[in-house]
Structures are given as structure tokens and as C-alpha cells.
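First comes the structure, then the notes that go with it.
All figures in this text were calculated on a predicted structure; none of them were measured in a lab. Side chains are part of it too, since the values below use all heavy atoms of this structure and drop only hydrogens, waters and symmetry mates.
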Amino acid sequence: MTTPFPEIPEGLSLPFYYSALLNCGVNYLVDYDRCAKRLEGTGFTAAQFDGAACVSFNYQLYVGQFRQGASITQEVEYNVICHPDSRRGQVPDVTFEQYALGDEQSRHLGNFRLHVPCDNELAIAAGETLFGEPKFRTTFTTELPTPNAPGPETWMFRCHDPEDAESALFTCVVDLSGLTPIPASFSPVTEYGVVDGVPIGARWNILSPLNVHLLGPGRADRVRLTFGESNHPMSTDMQEMLEDAEPASVFTFRSAPAAVQSRAYYV
């Protein structure tokens, strides 16, 4: 019997443990045919929610600890929610709200990455080799909520053109101030890709509930997505796939502080 696992290249090991993670993502319900064609020939089929497809992108800032020190990485995963063709008959029929809140417990529905901009060479190499992620190197500008600068629950992440840092692929601003999140047991998150022409899947476990905001009428303006002058394929795809679409939900996660340095005092 052949092994069901792709080979792990020398010098890499799994699982990979995140020392810290900040994560903010947005889900859009979009025209189904517009997304379905992006997955042709991959071994995956776009999921349907009342006839619509779901496009999701999420910003990640994470720390990985190694024997030689630590590595900080930023990246964005731009995905179509899908299922493997080989599991077509096993996919539960769930609503978008059920999916967004983690009720799809088979985990056959997952992220097929179309574009993954990243600022860390090690993460790019590992993602491409181990998980079939279509990664490319670029830079980011961010303003993120943090206990070290108390303020509104606002996330801003801008992805720059890899050839021209003055031009943005996109800028996303998510304002959750005053909203009450719904805790959702969304893990494990299923991530799909293709390695050597073969469809693969992997699990990503976030070890606490996500904070989910369902964006119904009157809340779509909580997300502002704008595009720069870049003609990079990711920017082009986003504009074509998300044309006229409104955000349907937002999810966030911030790992807890591991230690606290308090104010000094006179002695």
C-alpha cells in the first residue's frame, strides 16, 4: 500500500506549531459560475450556499519558534470554499450561516488557495512544498488591534504589489467596534491544494474559538475593500470575482498574551 502522505523534504518537520497568531478574515457570497471556473481541472468543486459560491480571504500575522530563534510571518490566503471531487457524495448540505459558525463538522468544505502573498521566504518555501500553496513574496502595511494600544476593534491590512511597494493589490479595513461576536468552534480548518498534480488536504487547528460576525443588512459597510493601481493577477482576480459582492461575515482570532510586563514603581 502506498503512503497517503506527501513526502516531507529534509530540513522541514510537521506539525508546525504557532507561538502566536493574529487572524482576520472576510467571507463573500458571490456568483457561483464566476468562481466555479477557477477550480476547473484541480480535483475540487466550489461549494454552493443557496446557489452562491463563497470567496474568503484572511490576513495572518504569526510567530514560529525554532532552535535558532523565532520567525515572524505575514500572509493573506485568498480562497474559494470548496470540496474534493472525490468526496462529492459526502458533503453535508449546510447553509452559509451554519458553515460560518463551524457547524459543518465533516470538514469536507475547505479553502482552496488561489493566491497567497507572504513576506517570509521560509514560509513561502514550506507552503509551496508541503501544501501546494501558490505563494509569492511581497510586503504589507497594517494597523491591528492590540492590548498594547487600546482602541477600536479595527483591522487594516494592505497588500503591496511585489514589484512596486508604492502600489497596493488591495486594502481591507474591518471595523467591528461595538459589535458582539459569536464564538465559533471552526477548527480544524481544512486547507486544500495541488502538489505534483495531485489534490491534497491538510488541517489547520486554531486552539480557541474564532470570533464570528454575521454581516446582515446594515452591516456590510463594516468592511471596506479597495484596490490600488496594481495589475497583479491576485488584484485582477479579486476585482473580477468580488464585483458587486457584499461581505457576508467576518472572523477574527487573537492568541492570548503569554506574559505581561507591568508598570515600574518607586521603591
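- Contact annotation: the side chain of H115 never approaches that of L169 to less than 4.5 Å [non-hydrogen atoms, C-beta and beyond].
- The aromatic rings of Y99 and F49 lie tilted to each other, with the angle between the two planes from 30° to 60°.
- Of the residues listed (D244, V80, L242), the one engaging V30 in a side-chain contact (heavy atoms from CB on, under 4.5 Å) is L242, and it is the only one.
- The two residues E153 and P145 come nearest to each other via the heavy atoms OE1-CB, 3.8 Å.
- Here the closest heavy-atom approach between residue Y32 and residue A53 is recorded as CD1-CB, 3.8 Å.
- Of the residues T171, T141, T226, the one that meets the side chain to side chain donor-acceptor pair (under 3.5 Å) test with R158 is T171.
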Does the side chain to side chain donor-acceptor pair (under 3.5 Å) test come out yes or no for S56 and N27, once each step is laid out? CA-CA 4 Å; S56 177; N27 291 322; 2.8 Å; yes
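- The hydrophobic cluster containing L225 does not contain I81, counting ILVMFWY residues as joined when their side-chain heavy atoms lie under 4.5 angstrom apart, directly or transitively.
- Between F186 and F251, the angle of the ring planes stays under 30°, which puts this pair in the parallel group of the 30/60° scheme.
- Side-chain atoms of R222 never come within 3.5 Å of backbone atoms of S249 as a donor-acceptor pair (strictly under, hydrogens ignored).
- By the neighbour-count criterion of 12 heavy atoms within 6.0 Å, atom CD of Q90 is densely surrounded, having more than that number from other residues, nucleotides or ligands.
- No side-chain heavy atom of F136 sits less than 4.5 Å from a side-chain heavy atom of I124.
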Check against salt bridge (charged side-chain N to carboxylate O under 4.0 Å, His left out), R34 and E240: CA-CA 8 Å; R34 197 183 301 172; E240 290 179 354; over 6 Å; no
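- In the hydrophobic clustering of ILVMFWY residues, with side-chain heavy atoms under 4.5 Å counting as a link, W204 and L22 come out apart.
- Residue R219 qualifies as open at atom CZ: its count of foreign heavy atoms under 6.0 Å is 12 or below.
- Put simply, the side chain of V76 reaches to within 4.5 Å of the side chain of M234, judged on heavy atoms.
- E104 contributes a side-chain N or O that, together with a main-chain N or O of L109, makes up a donor-acceptor pair within less than 3.5 Å.
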Yes or no on side chain to side chain contact (heavy atoms under 4.5 Å, CB included) for S187 and L207, after CA distance, side-chain angles and deciding distance? CA-CA 8 Å; S187 289; L207 303 180; over 6 Å; no
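- Linking ILVMFWY side-chain heavy atoms closer than 4.5 Å, directly or via other members, places Y28 and M238 in a single hydrophobic cluster.
- Note that the SG atom of C82 and the CZ atom of R87 stand 13.0 Å from one another [nearest 0.5 Å].
- Side chain of D196 to backbone of V198: no donor-acceptor contact under 3.5 angstrom is found.
- Under a 3.5 Å cut-off, the side chain of S71 and the backbone N or O of G64 do not form any donor-acceptor pair.
- Looking at heavy atoms from C-beta onward, F131 lies in side-chain contact with R113 at the 4.5 angstrom threshold.
- Annotation: Y62 is not in aromatic contact with Y17 [ring centroid separation under 6.0 Å not met].
- Using a 4.5 Å cut-off on side-chain heavy atoms (C-beta onward), N79 and F112 make no contact.
- Just one of E77, E121, E75 meets the salt bridge (charged side-chain N to carboxylate O under 4.0 Å, His left out) condition when paired with K135; it is E75.
- For the pair Y78 and F170, the minimum side-chain heavy-atom distance is 4.5 Å or more.
- Atom CD of Q239 has more than 12 neighbouring heavy atoms from other residues, nucleotides or ligands inside a 6.0 Å radius.
- Atom CZ of residue F253 and atom CD of residue Q60 lie 11.5 Å apart, to the nearest 0.5 angstrom.
- Note: the hydrophobic cluster containing L101 does not contain V250 (ILVMFWY, side chain heavy atoms under 4.5 Å, direct or indirect links).
- A single hydrophobic cluster is not seen to contain both V195 and L130; linkage of ILVMFWY side chains at heavy-atom distances under 4.5 Å, directly or through other members, places them apart.
- At least one donor-acceptor pair under 3.5 Å links the side chain of Q105 to the backbone N or O of G102.
- Put simply, the residue from N23, I72, D119 that forms a side-chain contact (heavy atoms from CB on, under 4.5 Å) with L61 is I72.
- Rounding to the nearest 0.5 angstrom, the gap separating the CE atom in M241 from the CG atom in L114 is 5.5 Å.
- In this structure, CG in D175 is found 8.5 Å from CG in D221, a value given to the nearest 0.5 Å.
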Output, in order, the C-alpha distance, side-chain angles, deciding distance and verdict of side chain to side chain contact (heavy atoms under 4.5 Å, CB included) for E97 and L214. CA-CA 8 Å; E97 181 173 325; L214 300 174; 3.5 Å; yes
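- Closest approach of R203 and S106 over heavy atoms only: NH2-O, 4.4 Å.
- Under the 30°/60° scheme for interplanar angles, the aromatic rings of F16 and Y18 are found to stand perpendicular.
- Here the closest heavy-atom approach between residue T146 and residue R254 is recorded as N-NH1, 3.6 Å.
- Looking only at side-chain heavy atoms (C-beta outward), T45 and H83 come within less than 4.5 Å of each other.
- The two residues F227 and S235 make their nearest non-hydrogen contact at CD2-OG, 3.9 Å.
- Under the 4.5 Å side-chain criterion, counting only non-hydrogen atoms from C-beta, V26 is not in contact with W155.
- A pairwise comparison of heavy atoms in D93 and Q98 identifies O-OE1, 4.5 Å as the closest pair.
- A distance of 7.0 Å separates CG of N58 from CG of N111, quoted to the nearest 0.5 Å.
- Between D164 atom CG and H232 atom NE2 the span is 12.0 Å, to the nearest 0.5 Å.
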